[in-house]
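Worksheet for the structure shown next.
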There are 2 protein chains.
Amino acid sequence: MELPEKAKQRLHKALEVNGLRSTRQREHVLAVLLAQRDHPTAEEVYERAKSSMASISLATVYNCLETLVGCGLVRAVNFERGSNHYCPNLAEHAHFHCKDTGRVYDIDLPEGLLDSVKKVLPEGFQAEGVEVAFQGHRAKEILS
Amino acid sequence: MELPEKAKQRLHKALEVNGLRSTRQREHVLAVLLAQRDHPTAEEVYERAKSSMASISLATVYNCLETLVGCGLVRAVNFERGSNHYCPNLAEHAHFHCKDTGRVYDIDLPEGLLDSVKKVLPEGFQAEGVEVAFQGHRAKEILS
DNA sequence: GTGAATGCAAAACCTTTGCAACTGG
DNA sequence: CCAGTTGCAAAGGTTTTGCATTCAC
């Protein structure tokens with residue numbers, strides 16, 4: 001579980017910009033997210049993080065995730081008030097929530113689609129972001 | 001706080017279809033939602049409901065809201081794991097979450113936009129629904 | 001050295017549940 | 001009647017907080 005150099009530099013820069021410190025835990029939590037991009041919950045990140053950093057605490061995982069979200073390196077996605085799921089994919093994309101398994105999938109969006117969606121906003125609404133979230137089922141023959 | 005006849009019939013039909021009973025509380029909770037379409041939380045619905053039905057309980061409000069959502073008469077919307085907000089608008093629309101006030105607004109969508117958004121789904125993903133949720137700020141001059 | 005971040009346990013928040021009493025069909 | 005629903009209080013799942021300790025700069 002090693003954070004790639006590129007990601008490490010991006011993290012350090014983002015932390016610096018926000019006046020925050022680089023810590024082993026923050027690096028490690030980001031590494032966990034990047035290693036397996038299956039939108040884990042905080043609890044799942046904690047379980048994975050512990051395997052190579054035994055002393056990390058659940059509260060710290062929550063803190064680190066919030067920090068990463070605040071720095072714009074990670075997105076938090078939530079369905080029906082279940083646990084948050086964390087996504088380090090910085091490209092514009094949507095999410096699909098499988099009601100059978102609870103899993104969350106990234107859905108690529110055509111270039112410019114979100115911009116055209118944002119055009120529906122009436123005057124006076126200034127969007128910082130828009131989340132497009134599908135919920136449904138994956139076809140049985142594709143379920144792994 | 002009176003449930004309009006049309007809504008009452010729709011409710012009774014939806015409950016019947018689902019094998020559920022009509023109760024004063026279910027009617028009242030729907031009436032509260034329709035009276036002021038500002039996407040109240042369960043707690044807010046409870047406060048409003050109490051003013052004309054003193055004996056209703058918070059648990060019953062939660063139950064009724066879940067029933068209404070289950071019947072398709074109401075949508076639950078959620079931002080950043082805060083309380084759910086409840087919306088009786090059955091037309092296709094998006095939501096806008098104001099980060100300053102926490103308020104939720106309905107955003108009309110052009111006919112067919114959601115269908116075209118659903119077309120981005122790869123094979124194997126079968127969407128039952130899609131939620132388009134903006135977050136941002138309302139322009140100051142419009143803030144009420 | 002010093003303020004920020006961590007780790008722990010306890011608290012907080014929102015929602016659901018168990019169960020006795022009630023009620024709609 | 002009697003299964004479904006309510007109302008209450010207690011429990012549940014997820015996240016946040018207070019505070020002493022440790023660490024990054």
Side-chain angles (χ1 to χ4, degrees), chain A residues 3 8 11-30 32 39-47 49-50 52-71 73-86 97 102 104, chain B residues 3 8 11-30 32 39-47 49-50 52-71 74 76-86 97 102 104:
Chain A
L3 187 59
K8 188 181 281 196
L11 170 62
H12 287 190
K13 178 141 199 178
L15 290 171
E16 191 184 346
V17 164
N18 289 276
L20 300 170
R21 293 180 176 172
S22 287
T23 66
R24 289 187 309 129
Q25 290 85 346
R26 286 172 176 167
E27 286 189 4
H28 189 50
V29 166
L30 182 56
V32 164
H39 303 83
T41 63
E43 188 73 40
E44 288 164 343
V45 172
Y46 174 54
E47 290 306 326
K50 267 199 302 189
S52 36
M53 185 182 281
S55 68
I56 199 171
S57 72
L58 178 57
T60 294
V61 169
Y62 273 104
N63 287 338
C64 290
L65 288 169
E66 198 199 323
T67 299
L68 295 172
V69 170
C71 291
L73 297 176
V74 167
R75 279 167 65 183
V77 274
N78 176 263
F79 293 90
E80 300 177 5
R81 280 193 50 85
S83 301
N84 270 339
H85 295 259
Y86 294 90
H97 177 237
V104 177
Chain B
L3 188 59
K8 189 182 282 196
L11 171 61
H12 287 190
K13 178 142 198 175
L15 289 170
E16 191 184 348
V17 165
N18 290 276
L20 301 169
R21 292 181 180 171
S22 288
T23 67
R24 288 186 310 128
Q25 290 86 345
R26 284 170 178 170
E27 286 189 4
H28 190 49
V29 166
L30 182 55
V32 165
H39 303 82
T41 62
E43 189 73 40
E44 288 165 341
V45 171
Y46 174 54
E47 292 304 327
K50 267 199 302 190
S52 37
M53 186 182 279
S55 68
I56 199 172
S57 72
L58 179 57
T60 295
V61 169
Y62 273 104
N63 286 338
C64 290
L65 288 169
E66 197 200 324
T67 299
L68 294 172
V69 170
C71 290
V74 167
V77 272
N78 176 263
F79 292 91
E80 300 177 5
R81 280 194 49 87
S83 301
N84 271 338
H85 295 259
Y86 294 90
H97 176 236
V104 177

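Both backbone and side-chain heavy atoms feed into the values below; hydrogens, waters and symmetry mates do not. In what follows, chains carry the letters A, B, and so on, assigned in the order in which the sequence lines appear, proteins first and then strands, with residues in each chain numbered from 1.
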Would you indicate, yes or no, if [N] has its OP1 or OP2 atom less than 4.0 angstrom from a side-chain nitrogen or oxygen of [X]?
X	N	value
A:Arg81	C:dT15	yes
A:Ser55	C:dT6	no
B:Gln25	C:dT23	no

Given atom [atom1] of [X] and atom [atom2] of [N], what is their separation to the nearest angstrom?
X	N	atom1	atom2	answer
A:His28	C:dG7	NE2	C1'	15 Å
B:Arg24	C:dC22	CZ	P	14 Å
B:Glu80	C:dC14	CD	C1'	16 Å
A:Asn63	C:dA5	CG	C1'	8 Å
B:Glu66	C:dT17	CD	C1'	12 Å
B:Asn84	D:dG13	CG	C1'	14 Å
A:Leu65	C:dT6	CG	C1'	14 Å
A:Leu68	C:dA5	CG	P	12 Å

Least distance between heavy atoms, A:Cys71 atom then A:Asn18 atom: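 Closest approach of A:Cys71 to A:Asn18: SG-ND2, 3.7 Å.
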
Heavy-atom closest contact (B:Ser57 atom, B:Tyr46 atom, distance):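 Heavy atoms of B:Ser57 and B:Tyr46 come nearest at C-CE1, 3.6 Å.
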
Residue list, side chain to side chain donor-acceptor pair (under 3.5 Å) with B:Glu27, at least two apart or on another chain: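 Only B:His12 meet the side chain to side chain donor-acceptor pair (under 3.5 Å) criterion with B:Glu27.
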
Under 4.0 Å, counting only non-hydrogen atoms across every strand here, what does [X] touch: a base, just sugar-phosphate, or nothing?
X	value
B:Thr41	nothing
A:Thr23	sugar-phosphate
A:Thr67	nothing
A:Ser83	sugar-phosphate

A:Asn78 and B:Glu80, any side-chain heavy atoms less than 4.5 Å apart: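 They are not in side-chain contact.
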
Among [options], which nucleotide sits nearest the side chain of [X]?
X	options	answer
B:Thr60	D:dG7, D:dC25, C:dA5	D:dG7
B:Ser57	D:dC8, C:dT23, C:dA9	D:dC8
A:Leu58	C:dT6, D:dT15, C:dT17	D:dT15
A:Cys64	C:dA5, C:dT6, C:dT17	C:dT6
B:Arg21	C:dC8, D:dC8, C:dT23	C:dT23
A:Tyr62	C:dA4, C:dT23, D:dT14	D:dT14

base_contact_polar (C:dA5 base, A:Arg26 side chain, donor-acceptor, <3.5 Å):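 By the distance-only test, no, there is no pair.
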
Residue whose closest nucleotide on DNA chain C lies nearer the 5' end, A:Leu20 versus B:Tyr86: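 The 5'-side residue here is A:Leu20.
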
B:Leu11 backbone acceptor or donor facing B:Arg26 side chain under 3.5 Å: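 Looks like no, no N/O pair under 3.5 Å.
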
A:Ile56 vs A:Lys50, side-chain contact (heavy atoms from CB on, under 4.5 Å): CA-CA, chis, key distance, verdict: CA-CA 6 Å; A:Ile56 199 171; A:Lys50 267 199 302 189; 4.1 Å; yes

